[in-house]
A.B. asks: 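This is the structure I want to talk about, given as structure tokens.
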2 protein chains.
Amino acid sequence: MRTEERQIFGEYIKSEGLKETAPRNRILNAFLNSEDHVSAEDIYLLVNRGKRKVGFTTVYRTMKLISDCGLAREVMFDDGIARFEHTLGRKHHHHLICTRCRKVIEFTSKTMEDAEQALLKKNEFELQYHKYEIFGLCKACREQVGHK
Amino acid sequence: MRTEERQIFGEYIKSEGLKETAPRNRILNAFLNSEDHVSAEDIYLLVNRGKRKVGFTTVYRTMKLISDCGLAREVMFDDGIARFEHTLGRKHHHHLICTRCRKVIEFTSKTMEDAEQALLKKNEFELQYHKYEIFGLCKACREQVGHK
DNA sequence: AACGAAATTGAAAATCATTTTCAATATATA
DNA sequence: TATATATTGAAAATGATTTTCAATTTCGTT
Ligand SMILES: [Mn+2]
Ligand SMILES: [Mn+2]
Ligand SMILES: [Zn+2]
Ligand SMILES: [Zn+2]
């Protein structure tokens, strides 16, 4: 499984004159088997469930490679912890983040993108990247907290 | 000048059983005389231009008081440095940030706010706060960099 | 005006995610 | 297999912010 991703990573490694190693493959596997928005620590824990250990440093370095070759994107919410999400075959999107249970809902909005285009034009601003994050309570948490 | 702000701060200090001190007043003055989006370091430098020195710790602590009493809001862009902006009499807004010269343009958009409302309703999500930050090149930088 | 309880100050140490350093180890090409 | 080059990971460094704590200041009460 995840043949395409592994191939992209392998080719990137080769093209950069880097070497294929066991730690790198284990980290790539952990990431490919993970759900969205995993931190370096998440990966570190996933990768080190067995006997052989991989260091934190290598996790950080390899997640950078995985990002650089186009398989992941680093997102930074409000807690100072970088997280990685899959990018292959995924569309650009933004996030609704539950401050209680940390659930993340992804969204896109044509209306908003259009409004942004107009805004950029009006301010003669050239977009490089943007982040739109909405923090609050998800449905489940809202019910548990008793907000109406 | 800035009578109202000083009064709000003074009343907050009193109501919390805190004490009015020279360092606090100097930091408040520096903030009140500053433009938007100043960092703790900015305030530290402004406050320490003269003879008497105020420590970094006190700047951080006092900026928290200034925020807590409603005169400032802490905003965190992409560089890991907290900045403070004035809130008294200002409307909610978001930011266009030039990655080259660090100029910040504030904006609001009724269209976007409406789209967000629809999004929140659709996802049964209760808003607490949100951030919308657009990074790119301002007009001046675009011209200097030679982007069309 | 002086007293004294309580708050404040700021230098230094701690925090915490992430990065850098560097000696030991692994990979890949000849 | 030899060798050049890249990788690893423990430990130290980083950098913004917070915490600690002994010395100092504030302010209501004598
Ligand atoms: Mn996402
Ligand atoms: Mn602003
Ligand atoms: Zn939730
Ligand atoms: Zn600019």
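Sequence lines set the chain letters: A, B, ... in the order given, protein chains first and strands last, and positions in each chain run from 1.
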A.B. asks: If I take atom CD in residue B/E41 and atom P in nucleotide D/dT18, what distance separates them, rounded to the nearest angstrom?
C.D. replies: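 Rounded to the whole Å, the gap is 15 Å.
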A.B. asks: If I take atom CG in residue A/L18 and atom P in nucleotide C/dA26, what distance separates them, rounded to the nearest angstrom?
C.D. replies: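 Result: 19 Å.
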A.B. asks: Just checking A/F77 against A/H95, ring centres under 6.0 Å apart?
C.D. replies: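 When the ring centroids of A/F77 and A/H95 are compared, they turn out to be within the sub-6.0 Å range.
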A.B. asks: So for B/K19 and D/dT25, does any side-chain atom that can act as donor or acceptor lie under 3.5 Å from a complementary atom in the base?
C.D. replies: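 Answer no: no donor N or O sits under 3.5 Å from an acceptor.
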A.B. asks: In plain terms, say whether A/R73 and A/E85 are close enough for a salt bridge, that is, a side-chain N and a carboxylate O under 4.0 Å apart.
C.D. replies: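 A salt bridge links A/R73 with A/E85.
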A.B. asks: How close or far is atom P of D/dG9 from atom OH of A/Y44, stated in whole angstroms?
C.D. replies: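 Answer to the nearest Å: 9 Å.
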A.B. asks: Round to a whole Å and report the spacing from NZ of B/K53 to P of D/dT24.
C.D. replies: 20 Å
A.B. asks: Would you mind classifying the nucleic acid contact of B/R24 as base, sugar-phosphate or nothing, using non-hydrogen atoms under 4.0 angstrom?
C.D. replies: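 The answer is sugar-phosphate, as B/R24 gets under 4.0 Å only of primed atoms, P, OP1 or OP2.
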A.B. asks: Which residue lies toward the 5' end of DNA chain D, B/S39 or A/P23, if each is placed at its nearest nucleotide?
C.D. replies: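 Upstream on the strand: A/P23.
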A.B. asks: Atom CD of B/E16 and atom P of C/dT8: how far apart are they, to the nearest Å?
C.D. replies: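 Distance check: B/E16 CD to C/dT8 P gives 10 Å.
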A.B. asks: In whole Å, what is the span from the CZ atom of A/F56 to the P atom of C/dT19?
C.D. replies: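 Atom-to-atom, A/F56 to C/dT19, this comes out as 12 Å.
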A.B. asks: Distance check: side-chain N/O of A/Y60 vs OP1/OP2 of C/dT18, anything under 4.0 Å?
C.D. replies: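 Yes.
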A.B. asks: Check whether the ring centres of A/H130 and A/H92 lie less than 6.0 Å apart, and answer yes or no.
C.D. replies: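 Ring-ring flag for A/H130/A/H92: true, centres closer than 6.0 Å.
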A.B. asks: Which nucleotide sits closest to the side chain of A/R61: C/dT8, D/dT20, D/dT8?
C.D. replies: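 The nucleotide sitting nearest to the side chain is D/dT8.
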A.B. asks: I want to know whether A/H86 and A/H37 have ring centres closer than 6.0 Å.
C.D. replies: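 No, they do not, as the ring centres are separated by 6.0 Å or more.
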A.B. asks: Please give, in whole Å, the distance from D/dT25 P to B/I13 CD1?
C.D. replies: 18 Å
A.B. asks: Using the ring centroid of each side chain, check whether A/Y132 and A/F107 are separated by less than 6.0 Å.
C.D. replies: yes
A.B. asks: Nearest whole angstrom, please: distance from the P of D/dT25 to the CG of B/N25.
C.D. replies: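 From B/N25 CG to D/dT25 P: 16 Å.
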A.B. asks: What nucleotide, of D/dT26, D/dT8, C/dA28, holds the atom closest to the side chain of B/T21?
C.D. replies: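 Of the options given, the side chain of B/T21 lies nearest D/dT26.
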A.B. asks: Between A/T57 and A/L65, which residue's closest nucleotide on DNA chain D lies nearer the 5′ terminus?
C.D. replies: A/L65
